[in-house]
Protein chains: 2
Amino acid sequence: MENYQIDNLDKSILQALMNDARIPYAELAKRFSVSAGTIHVRVEKMKQAGIITGTKVCINAKKLGYDVCCFIGINLKHARDYQETIAQLESFEEVVEAYYTTGNYSIFIKVLSQSMDHLHDVLVNKIQSIEAIQSTETLISLQAPIMREIQP
Amino acid sequence: MENYQIDNLDKSILQALMNDARIPYAELAKRFSVSAGTIHVRVEKMKQAGIITGTKVCINAKKLGYDVCCFIGINLKHARDYQETIAQLESFEEVVEAYYTTGNYSIFIKVLSQSMDHLHDVLVNKIQSIEAIQSTETLISLQAPIMREIQP
DNA sequence: TATGAAAGACCGCTCCC
DNA sequence: GGGAGCGGTCTTTCATA
């Protein structure tokens, strides 16, 4: 888990695997003019170093009915209620991300819901039912024109 | 690409693959008491239906030096500058997500940077150099206690 | 139509150079 | 870092209910 300085080959491998985790090592070997064994060694090293943390399939949330994406800025009554509020938010499956932020809001969350009605339900019956929350501000995402990973 | 109503087996497969895309089909077959061929058929169908859009390795951005995560709310001088602004934002690799939102901001973006100095550079020399932008508000994320996918 | 079983091709892993 | 062999996995095909 110690630090490991990646080189250009590692970067190239990462970029390729970030687009498609199931690309064969032999294919990468050809592309970067090294042997498949080398690719394997590099990937293992990056796993060891904690750079590669796992693999995922990418899901199109809309096809599963989760059409509506929104962000909600939350202000707490007291900063000390932070931990407890996060715990409650975590119990709502619609809350997929939460950030503890500086700036206008105490907590900033991302919510996926199936419709405007569903979002309304999540807002009123779930999020705003948390006692520690003083106020919320909702930003509904109409479109997500950029959605990518950082380039190593 | 047409709609495809997923059943419980599909859901189970999705959930498993969302945690680890490289899990063998035979393992899933055992877990859900079906044959490996069936798993294969289901996965192919979900790919066809556009539910599964690909696979990715998960990267620990911090290990690559991208320590600082922040959100920036952007207000445009004119709503008509939207397309052009997105195009410019897209050219900055630090901008990993962008949303067109209702609410306080016209555009809402997520930015990853290597340090506070780097973030400052991105803000001043990249984002605020876009002429169509009237004002920005920055929310720096100190912690991300929740980070997950929607459960199918 | 969807599933299960088996065979062949392919891939990843390991050892040795 | 490169190359070869073994073991495991994926994919395909065919039979079945």
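Chain identifiers are assigned alphabetically (A, B, ...) following the order of the sequence lines, protein sequences preceding nucleic acid strands; residue numbering begins at 1 within each chain.
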Legend entry - For atom CD of B:Glu27 and atom P of D:dC10, their distance in whole Å: 10 Å
Inset, instruction - May I ask you to decide whether B:Lys45 forms a salt bridge with B:Asp10, counting only side-chain N to carboxylate O separations under 4.0 Å? - result: no
Inset, instruction - Answer with yes or no whether the side chains of B:His78 and B:Gln134 bring together a donor and an acceptor at under 3.5 Å. - result: no
Inset, instruction - If a protein heavy atom is under 4.0 Å from the base, mark B; if only from the sugar-phosphate, S; if neither, -; do that for nucleotides 1-17 of chain C going 5' to 3'. - result: -SSB------SSSB---
Legend entry - Residue pair A:Gln143 / B:Tyr99, side-chain donor-acceptor N/O under 3.5 Å: no
Legend entry - Residue pairs fulfilling salt bridge (charged side-chain N to carboxylate O under 4.0 Å, His left out) with at least one residue in residues 23-41 of chain A, sequence neighbours excluded: A:Glu27-A:Arg31
Inset, instruction - Output yes when A:Glu93 and B:Arg148 qualify as a salt bridge under the 4.0 Å nitrogen-oxygen rule, no when they do not. - result: no
